[in-house]
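To start, the structure under review is shown below, and the notes come after it.
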Amino acid sequence: MKKYSRSFFNQPTVQVAQELLGQVLAFQDHRGIITETEAYCGFDDPASHAARGETPRTKIMFGKPGYAYVYLIYGMYHCLNFVTEKPGYPATVLIRGIQLLNGSKKHLDGPGKLCRELGITKEHNGSDIVNGCDFQVLETQDKPSFIQTPRIGIKVGLDKFWRFKVS
DNA sequence: ACCCCGATCGTA
DNA sequence: ACGATCGGGGTT
């Protein structure tokens, strides 16, 4: 399986979120098919952490595409994102679900559970997805069909249908 | 220095 | 449908 290059992440975020479905997320010795994603996009998306400008937490979102944005939510869960689009334009794809390929074939459904199971924490914030050693995204030939809905767990930006789930 | 709340989860 | 849970981001 071929590894995605940085240019893949330097594309419109909604497109990247859709194209990631069916591809393989590799983290250390874990492998899983990406089954659910969400797009968080630009300065004018009220649901995005970057909507109120750059802060220490959101700094990575403003940097180069192809890096991990990992943050703590509800004091106890972590969420994994991939930074997209050009430097200076804050955007990410949230990874919400993967189908594990290792033996168990377990479906990790939900961003918090996914990070808990794989052992992804804040220490992986800023990891390089393209040239780093922990994360890789591998290209399959799969283009699964998917449904499109509003994003989960937010109170604003519900007019945007930026959640994508393999159907 | 501190208050408030969230890109969730599990149970009901 | 809803309550538990709590670290830390953002503002003071």
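Naming convention: chains lettered A, B, ... in sequence-line order (proteins, then strands); numbering from 1 in each chain. No hydrogens, no waters, no symmetry mates; every other heavy atom, side chains included, goes into these values.
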Can we say D44(A) and K160(A) salt-bridge, meaning some charged N sits less than 4.0 Å from an Asp/Glu carboxylate O?
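Salt bridge flag = no for K160(A) with D44(A).
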Less than 3.5 Å apart, any donor N or O on the side chain of Q23(A) or E19(A) sitting next to an acceptor on the other?
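Checked: Q23(A)/E19(A) side chains show no N/O donor-acceptor pair below 3.5 Å.
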Could you pull out all donor-acceptor pairs under 3.5 Å where a side-chain atom in residues 107-116 of chain A meets a protein atom, sequence neighbours excluded?
unit_1  : atom_1 : unit_2  : atom_2 : d
H107(A) : NE2    : T35(A)  : OG1    : 3.0
K113(A) : NZ     : D109(A) : O      : 3.3

On a heavy-atom basis, which atom in [X] and which in [Y] lie closest, and how many Å separate them?
| X | Y | result |
| --- | --- | --- |
| G88(A) | F43(A) | O-CZ, 3.4 Å |
| V24(A) | M1(A) | CG2-SD, 3.7 Å |
| K105(A) | Q99(A) | O-NE2, 2.5 Å |

Can you work out whether V93(A) or R116(A) has the more 5'-proximal nearest nucleotide on DNA chain B?
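Here V93(A) is the residue nearer the 5' end.
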Position toward the 5' end of DNA chain B (nearest nucleotide), P111(A) or K155(A)
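The residue whose closest nucleotide sits nearer the 5' end is K155(A).
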Using the six-membered ring wherever Trp is involved, compare the ring planes of F135(A) and F82(A) and label them parallel, tilted or perpendicular (cut-offs 30° and 60°).
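Perpendicular.
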Taking heavy atoms of chain A and a 4.0 Å limit, find me the 5'-most and 3'-most nucleotide of DNA chain B within that range.
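Taking any atom under 4.0 Å from a heavy atom of chain A, the span is dG6(B) to dG10(B).
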Under 4.0 Å, heavy atoms only, any strand: does L94(A) hit a base, just the sugar-phosphate, or nothing?
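Base contact.
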If you look at every strand shown and take non-hydrogen atoms under 4.0 Å, does R163(A) touch a base, only sugar-phosphate, or nothing?
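Since no nucleic acid heavy atom lies under 4.0 Å of R163(A), the category is nothing.
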Side-chain cluster (under 4.5 Å, hydrophobic types only) that I154(A) belongs to, other residues
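Members alongside I154(A): Y40(A), L94(A), L158(A).
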Less than 4.5 Å apart, any side-chain heavy atom of T13(A) and any of T92(A)?
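No, too far: nothing below the 4.5 Å cut-off.
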Pairwise P distance, dA7(B) and dT11(C) [rounded to whole Å]
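To the nearest whole Å, 14 Å.
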Rounding to the closest angstrom, what is the interatomic distance between dG9(C) and dT5(C) at atom P?
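Between the two P atoms, the distance is 22 Å.
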Counter-base of dT5(C), judged by Watson-Crick or G-U geometry with both distances under 3.5 Å
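Answer to the pairing question: none, since dT5(C) forms no Watson-Crick or G-U pair.
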dA7(B) pairs with, by Watson-Crick or G-U criteria that keep both distances under 3.5 Å:
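dA7(B) is unpaired by these criteria.
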Report, as a single string ordered 5' to 3', how protein heavy atoms within less than 4.0 Å touch nucleotides 4-12 of chain C: B base, S sugar-phosphate only, - not at all.
-BBSSSS--
Stretch residues 35-46 of chain A: residues that reach within less than 4.0 Å of DNA chain B through a heavy atom:
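Result for residues 35-46 of chain A: Y40(A), sorted by number.
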Hydrophobic cluster identity match, L101(A) and I34(A), side-chain contacts under 4.5 Å:
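L101(A) does not cluster with I34(A).
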Kindly list each side-chain donor-acceptor pair under 3.5 angstrom involving residues 60-78 of chain A, sequence neighbours excluded, with atom names and distances?
unit_1 : atom_1 : unit_2  : atom_2 : d
Y69(A) : OH     : H49(A)  : ND1    : 2.7
H78(A) : ND1    : K122(A) : N      : 3.4

